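The structure appears below as structure tokens.
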Amino acid sequence: MRLLLGILLTLQIWSGTGCFAPGVTLEEFLPEGEARAAVIVCPGGSYHWLDYESEGEMVGRWLASEGIRAYVLRYRVAGKFEFAAKYRTFIRGHRHPDMICDLQRAMQLVRQSFDGPVGVMGFSAGGHLVMSLAEFWDTPFLSRYGIEPEVSLRPDFVVPIYPVVTLRESCVHRRSRLGLLGEWTSLKASMRDSLSLERHVRPDCPPVFLLNCLDDPIVDYRNSVLLDSALCSRGVPHRYVQYTHGGHGFGANPSKMGEETSRWQAEFIAWLNEYGY
């Protein structure tokens, strides 16, 4: 189902499938002219909630102003109530692989509707999600719903901004790990290892634009250092931008940016231009 709201289209991505998740949507932001690329945007929120304004809607409008078709994904998360009540101790709720299923489905639909390069951009926990797609795009998560995509789910480029990366090292963001895995699964070393992204970078990983701040008070900056080192060791083309000051959660919100972080959008567009997009 699509609802036309000016330049904004909202798509319920699981409508007509075997997955009942009516709250999962893609909101499309269209540039005025022909789009040179498309980007699926995944806001952050510790896999418990979504910072939809600064890391979603504002990002979509900015990308559209740069001639890029943007799709902001409202993916499944554990929920604020779960964070307080811990009800997933007793029932499943939303947890892995729900989030990567939502992103794979979004990629399938965007690929089917847009004949051009498609990238993914994510913030904080959303950065973990988009990097997960870069590493596990050919894992058939959608088969549980009887969906066999006829298009590639591999993104053309990946943009993790102040991302959660590891689920096992001392710099882990525990709230995101809990939101992704649930109370009991988060205790399993095998699950922590399987979704610690620094351990699964592949040589055919798409180009990566990685950014974070040394003074990040939420997600330890060493998460991005781990990912940068893994990308280097696997020979993956990437750019790592590390600011001294800027903190966390600024997204595309000018009121949350400092002197350094106010430059990140222009640096990303310049990087994108280098690849002919």
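Every value quoted in this text rests on a predicted model; they were computed, and no experiment measured them.
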Inset, instruction - Any chance you could measure His128, atom NE2, to Leu133, atom CG, to the nearest 0.5 Å? - result: 12.5 Å

Inset, instruction - Identify whether Met58 and Val72 are in the same connected component of the hydrophobic contact network (ILVMFWY, side-chain heavy atoms under 4.5 Å). - result: no

Inset, instruction - Inspect the surroundings of CD in Gln112 and state if more than 12 heavy atoms from other residues, nucleotides or ligands are less than 6.0 Å away. - result: yes

Inset, instruction - For the residue pair Arg234 and Pro203, establish whether any side-chain heavy-atom pair is separated by less than 4.5 Å. - result: yes

Legend entry - Ring center gap for His200 and Phe136 short of 6.0 angstrom: yes

Legend entry - Atom pair CG/CG of Leu167 and Asp193 - distance to nearest 0.5 Å: 9.0 Å

Legend entry - Cationic N near anionic O, under 4.0 Å, Arg111 to Asp156: yes

Inset, instruction - Quick one: sort the Phe157 and Phe268 rings into parallel, tilted or perpendicular, breaks at 30° and 60°. - result: tilted

Inset, instruction - Would you check if Pro31 and Arg69 make a side-chain contact, meaning some heavy-atom pair closer than 4.5 Å? - result: yes

Inset, instruction - State the CD1-CD1 distance between Ile68 and Ile269, to the nearest 0.5 angstrom. - result: 4.0 Å

Inset, instruction - For the residue pair Gln242 and Val225, establish whether any side-chain heavy-atom pair is separated by less than 4.5 Å. - result: yes

Legend entry - pair Tyr75-Cys101: side-chain heavy atoms closer than 4.5 Å: no

Legend entry - Charged N-O contact under 4.0 Å between Glu274 and Arg239: no

Legend entry - Common cluster, Val120/Phe114, ILVMFWY with side-chain heavy-atom separation under 4.5 Å: yes

Inset, instruction - Taking atom types as modelled, find out whether Asn273 and Arg36 have a side-chain donor-acceptor pair closer than 3.5 angstrom. - result: yes

Legend entry - Thr139 side chain to Phe141 backbone, donor-acceptor under 3.5 Å: no

Inset, instruction - Enter the distance from Leu272:CG to Glu267:CD here, rounded to the nearest 0.5 Å. - result: 13.5 Å

Inset, instruction - Determine yes or no for a side-chain-to-main-chain donor-acceptor pair under 3.5 angstrom, with Asp215 supplying the side chain and Gly246 the backbone. - result: yes

Legend entry - Sub-4.5 Å side-chain heavy-atom contact between Ser152 and Trp137: yes

Legend entry - Tyr243-Trp264 aromatic ring centre distance below 6.0 Å: no

Legend entry - Pairwise side-chain contact, Pro160 with Val208, heavy-atom cut-off 4.5 Å (strictly under): yes

Inset, instruction - Classify the side-chain pair Tyr52/Glu27 by whether it contains a donor and acceptor separated by less than 3.5 Å. - result: yes

Legend entry - N/O donor-acceptor pair under 3.5 Å between Glu55 side chain and Gly44 backbone: yes

Legend entry - Steps toward side chain to side chain contact (heavy atoms under 4.5 Å, CB included) verdict (Arg105, Thr17): CA-CA 11 Å; Arg105 175 64 173 166; Thr17 72; 3.5 Å; yes

Legend entry - Minimum heavy-atom distance between Gly251 and Phe123, given as atom pair plus value: CA-CE2, 3.8 Å

Inset, instruction - Grab the two heavy atoms, one from Asp204 and one from Arg202, that are nearest each other, plus how far apart they are. - result: OD1-NE, 2.7 Å

Inset, instruction - State, yes or no, whether a side-chain contact exists between Pro43 and Glu57 at a heavy-atom distance under 4.5 Å. - result: no

Legend entry - Nearest non-hydrogen partners of Cys205 and Leu231, listed with the distance: SG-CD2, 4.4 Å

Legend entry - Main-chain N/O of His245 paired to Glu260 side chain as donor or acceptor, under 3.5 Å: yes

Legend entry - Under 3.5 Å: donor-acceptor pair, side chain of Ser233, backbone of Ala230: yes

Legend entry - Inter-residue atom distance Leu30.CG - Leu63.CG, 0.5 Å rounding: 12.0 Å

Legend entry - Stepwise side chain to side chain contact (heavy atoms under 4.5 Å, CB included) test for Val164 and Val172: CA-CA 8 Å; Val164 172; Val172 61; over 6 Å; no

Legend entry - same_hphob_cluster(Tyr71, Trp14) at 4.5 Å side-chain heavy-atom cutoff: yes

Inset, instruction - Could you verify whether a donor N or O on one side chain and an acceptor N or O on the other, from Glu198 and Thr166, lie under 3.5 Å apart? - result: yes

Legend entry - Exam field: side chain Asp228 to backbone Tyr240, donor-acceptor pair closer than 3.5 Å: no

Legend entry - Shortest non-hydrogen separation from Arg95 to Leu181 and the atoms involved: NH1-O, 3.6 Å

Inset, instruction - Anything under 30° is parallel, anything over 60° is perpendicular, the rest tilted; go ahead and classify Phe250 against Tyr162. - result: perpendicular

Inset, instruction - Give a yes or no on whether the backbone of Met257 and the side-chain of Thr261 come within a donor-acceptor separation of less than 3.5 Å. - result: no

Legend entry - Test side chain to side chain contact (heavy atoms under 4.5 Å, CB included) applied to Met121 and Ile40, step by step: CA-CA 6 Å; Met121 175 183 291; Ile40 300 172; over 6 Å; no

Inset, instruction - Verify whether one side chain among His248 and Ser124 offers a donor that lies under 3.5 Å from an acceptor in the other. - result: yes

Legend entry - Spacing of Arg74 atom CZ and Leu11 atom CG [to the nearest 0.5 Å]: 13.5 Å

Inset, instruction - Report yes if the side chains of Cys42 and Leu103 come closer than 4.5 Å at any heavy-atom pair, otherwise no. - result: yes

Inset, instruction - Group every Ile, Leu, Val, Met, Phe, Trp and Tyr by side-chain heavy-atom contacts under 4.5 Å, then state whether Leu73 and Ile100 land in the same group. - result: yes

Inset, instruction - Test His94 against Val77 for side chain to side chain contact (heavy atoms under 4.5 Å, CB included), laying out the working first. - result: CA-CA 6 Å; His94 293 153; Val77 291; 5.9 Å; no

Legend entry - Taking every non-hydrogen atom, the tightest pair across Leu178 and His48: C-CE1, 4.2 Å

Legend entry - Contact summary for Glu148 and Ser143, nearest pair of heavy atoms: OE2-CB, 3.6 Å

Legend entry - NZ or CZ of Arg175 within 45° of Tyr47 ring axis and under 6.0 Å: no

Inset, instruction - Look at the side-chain heavy atoms of Ile, Leu, Val, Met, Phe, Trp and Tyr, link any pair under 4.5 Å apart, and say whether Leu153 and Leu197 land in one connected group. - result: yes

Inset, instruction - Establish, from distance only, whether the side-chain atoms of Asn223 and His173 form a donor-acceptor pair under 3.5 Å. - result: no

